[in-house]
Amino acid sequence: MVEALQVPTHLTVANADFSRALGFIDGAVVPLAEARIPVRDLGLMYADMTYDVVHVWQGGFFRLEDHLDRFFASLAGLRLDAGMDRDAMRRVLADLVRQSGLPDALVYFACTRGMTVPGTRDPTKATNRFFATVTPLILRGQPAEMERGQNAMLVRDVARIPASAVNPVWKNTHWGDFIRAAFLAKDAGCDVPILCATDGAVAEAPGFNVVAVIDGGLVAPEAGVLEGISCRSMFEIAADLGIPARYGRLMPEDLAAAQEAFLTATSCGLFPLTRLDGAPIGAGVPGPITTRLLNTYYARKNAGWHITPVDAIPPP
């Protein structure tokens with residue numbers, strides 16, 4: 001019997017209560033609609049910032065410590081200072097979620113370069129700014145979308161920004177390449193673009209890591225991409241299920257010929273990839289390995305896997 005995708009049906013726009021959405025800015029919690037940063041913030045003007053996104057599942061953060069690891073590595077790499085240590089940040093994020101009352105939420109937290117002194121753009125003279133938001137969790141892939149899968153376009157005319165220019169390991173908002181590619185994909189009637197590195201190997205999609213199922217095992221690009229936490233989760237599940245998984249060089253022809261493929265992101269775990277450049281990937285439907293990984297992912301989260309209860313974190 002073929003296993004069916006088991007995707008939650010309640011995390012939709014229609015069910016989302018945005019009246020509970022909050023922001024943390026300049027040390028205070030405010031309704032999200034009142035959260036503001038100055039228009040002269042260098043994060044806004046020059047994309048000089050870093051951010052991360054963690055989700056809350058049934059009252060607990062999923063892989064919070066992994067997201068904090070990545071965020072503090074990005075701060076160090078981009079020479080930003082959030083003005084608080086890891087423990088203080090953990091408490092601020094938990095308190096923000098607690099005050100919202102949202103059991104399932106998406107928490108975005110960021111540090112911008114902030115404002116510099118008048119008459120200069122010198123980043124060393126800027127006062128960095130930390131802020132965070134909490135909004136209802138809306139799954140990027142709703143059940144019908146998951147069953148259909150994503151129709152992707154491999155955009156060959158727009159290369160992913162090379163790591164020698166902007167290190168993708170440090171999560172950033174340099175999305176000029178992604179946005180250009182997204183318009184090209186939409187013009188072609190596709191859902192999402194996939195970009196390649198300057199050497200021609202598959203890189204990533206906007207907000208997604210790319211994973212192919214080749215010879216019964218998982219393969220994800222090893223270089224020039226964000227080190228995705230959701231991708232790591234799928235690799236951990238695969239290991240427990242006896243499915244080989246590795247990071248390596250993934251070429252466009254390998255992705256096109258894959259048995260199955262999927263994208264990974266915080267807002268969905270994974271999203272089946274069923275078509276590429278108008279042609280089906282494998283059978284053109286979510287495959288058995290993709291389905292098993294996603295269903296196991298939800299079952300494990302429901303059982304508390306990698307979950308840190310919000311109420312277990314002390315207030316600031």
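Geometric assessment of Arg292 against the ring of Tyr297 yields a negative cation-pi assignment under the 6.0 Å and 45° thresholds.
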Can Tyr51 and Phe109 be said to form a ring-ring contact (aromatic ring centres under 6.0 Å, His included), step by step? CA-CA 6 Å; Tyr51 74 101; Phe109 53 110; 8.9 Å; no
Steps toward side chain to side chain contact (heavy atoms under 4.5 Å, CB included) verdict (Phe71, Arg86): CA-CA 10 Å; Phe71 187 69; Arg86 183 188 185 106; over 6 Å; no
Do Val97 and Val107 pass the side chain to side chain contact (heavy atoms under 4.5 Å, CB included) test, and can you show the C-alpha distance, the side-chain angles, and the key distance before you say yes or no? CA-CA 8 Å; Val97 174; Val107 179; 3.6 Å; yes
Apply side chain to side chain contact (heavy atoms under 4.5 Å, CB included) to Val211 and Val219, showing your working. CA-CA 6 Å; Val211 183; Val219 181; over 6 Å; no
Are Arg63 and Trp57 close enough, and set up right, to give a side chain to side chain contact (heavy atoms under 4.5 Å, CB included), and what steps lead you there? CA-CA 10 Å; Arg63 304 198 76 139; Trp57 187 258; over 6 Å; no
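Minimum interatomic distance between Val210 and Ala203 (heavy atoms only, all atoms of both residues): CG2-O, 4.3 Å. Counting all heavy atoms, side chain and backbone alike, Arg91 lies closest to Ile313 at CA-CG2, 4.0 Å. Shortest non-hydrogen contact noted between Gly242 and Pro244 is O-CD, 3.7 Å. Shortest non-hydrogen contact noted between Pro168 and Glu204 is CB-OE2, 4.2 Å. Closest approach of Met153 and Ala185 over heavy atoms only: SD-CA, 3.6 Å. Leu22 and Ser100 get closest at one heavy-atom pair: CD1-N, 3.5 Å.
A donor-acceptor distance shorter than 3.5 angstrom exists from the side chain of Asp277 to the backbone of Leu154, with no hydrogens or angles considered. In terms of modelled atom types and a separation under 3.5 Å, the side chain of Asn128 and the main chain of Asp81 share a donor-acceptor contact. Panel note: side chain Glu145, backbone Gln142; a donor-acceptor pair is recorded below 3.5 Å. The main-chain N or O of Ile229 is found under 3.5 Å from a side-chain atom of Ser233 such that the two form a donor-acceptor pair. Side-chain N or O atoms of Arg180 include none that pairs as donor or acceptor with a backbone N or O of Val158 at under 3.5 Å. Put simply, the side chain of Arg275 gets close to the backbone of Gly278: a donor and an acceptor are under 3.5 Å apart. In this structure, the side chain of Thr274 does not engage the main chain of Pro286 through any donor-acceptor pair within 3.5 Å. A donor-acceptor contact shorter than 3.5 Å links the side chain of Asn295 to the backbone of Gln6. Side chain of Arg113 to backbone of Pro123: no donor-acceptor contact under 3.5 angstrom is found. For Asn209 (side chain) and Cys231 (main-chain N/O), no donor-acceptor pair under 3.5 Å exists by modelled atom type.
Here Tyr46 is tied into one hydrophobic group with Leu42, Met45, each link being a pair of ILVMFWY side chains closer than 4.5 Å.
For Asp191 and Arg148, the salt-bridge test passes: some basic side-chain N is under 4.0 Å from an acidic carboxylate O. With salt bridges taken as basic N to acidic carboxylate O contacts below 4.0 Å, none links Glu222 and Arg246. We find that Lys171 and Asp52 are not joined by a salt bridge, their nearest charged nitrogen and carboxylate oxygen being 4.0 Å or further apart.
Sorted by first and then second residue, the pairs that involve residues 257-270 and meet side-chain hydrogen bond (donor to acceptor under 3.5 Å, both in side chains), not counting sequence neighbours, are Arg140-Ser267, Glu260-Thr290. The salt bridge (Lys or Arg N to Asp or Glu O under 4.0 Å) contacts involving residues 29-42 comprise Asp41-Arg129, where partners must be two or more places apart or lie in separate chains.
Val53 and Phe72 sit in two unconnected hydrophobic clusters of ILVMFWY residues. Membership requires side-chain heavy atoms under 4.5 Å apart, directly or through other members. Grouping the Ile, Leu, Val, Met, Phe, Trp and Tyr side chains by contacts below 4.5 angstrom, directly or via other members, places Leu139 with Leu294. One hydrophobic cluster holds both Phe271 and Leu293 under the rule that ILVMFWY side chains link at heavy-atom gaps under 4.5 Å. Hydrophobic clustering, with ILVMFWY side chains joined whenever heavy atoms are under 4.5 angstrom apart, keeps Leu32 apart from Phe130. Clustering ILVMFWY residues whenever any of their side-chain heavy atoms sit less than 4.5 angstrom apart, transitively, puts Met49 in a cluster other than the one holding Leu93.
Side-chain atoms of Asn15 and His10 include no donor-acceptor pair closer than 3.5 Å.
Atom CG of Asp187 sits in a crowded spot, with more than 12 heavy atoms from other residues, nucleotides or ligands closer than 6.0 Å. Residue-environment remark: CZ (Phe183) stays at or below the threshold of 12 foreign heavy atoms within 6.0 Å.
A 4.5 Å side-chain heavy-atom check between Pro288 and Glu3 finds every atom pair outside the cut-off. At least one side-chain heavy atom of Ile138 sits less than 4.5 Å from a side-chain heavy atom of Phe18. Contact of the Trp170 side chain with the Arg70 side chain is not registered, since no non-hydrogen atoms from C-beta on lie closer than 4.5 Å. For the pair Thr116/Thr127, no side-chain contact is recorded, criterion being any heavy-atom separation below 4.5 Å from C-beta on. Counting heavy atoms from C-beta outward, Leu137 and Val56 have side chains that stay 4.5 Å or more apart. Two residues are said to be in side-chain contact when any heavy atoms from C-beta on lie closer than 4.5 Å; Pro8 and Tyr298 meet this criterion. Between Ile243 and Leu218 there is a side-chain heavy-atom pair separated by less than 4.5 Å. For the pair Asn172/Asp48, no side-chain contact is recorded, criterion being any heavy-atom separation below 4.5 Å from C-beta on.
Just one of His306, His55, Gln58 meets the side-chain hydrogen bond (donor to acceptor under 3.5 Å, both in side chains) condition when paired with Lys301; it is His55.
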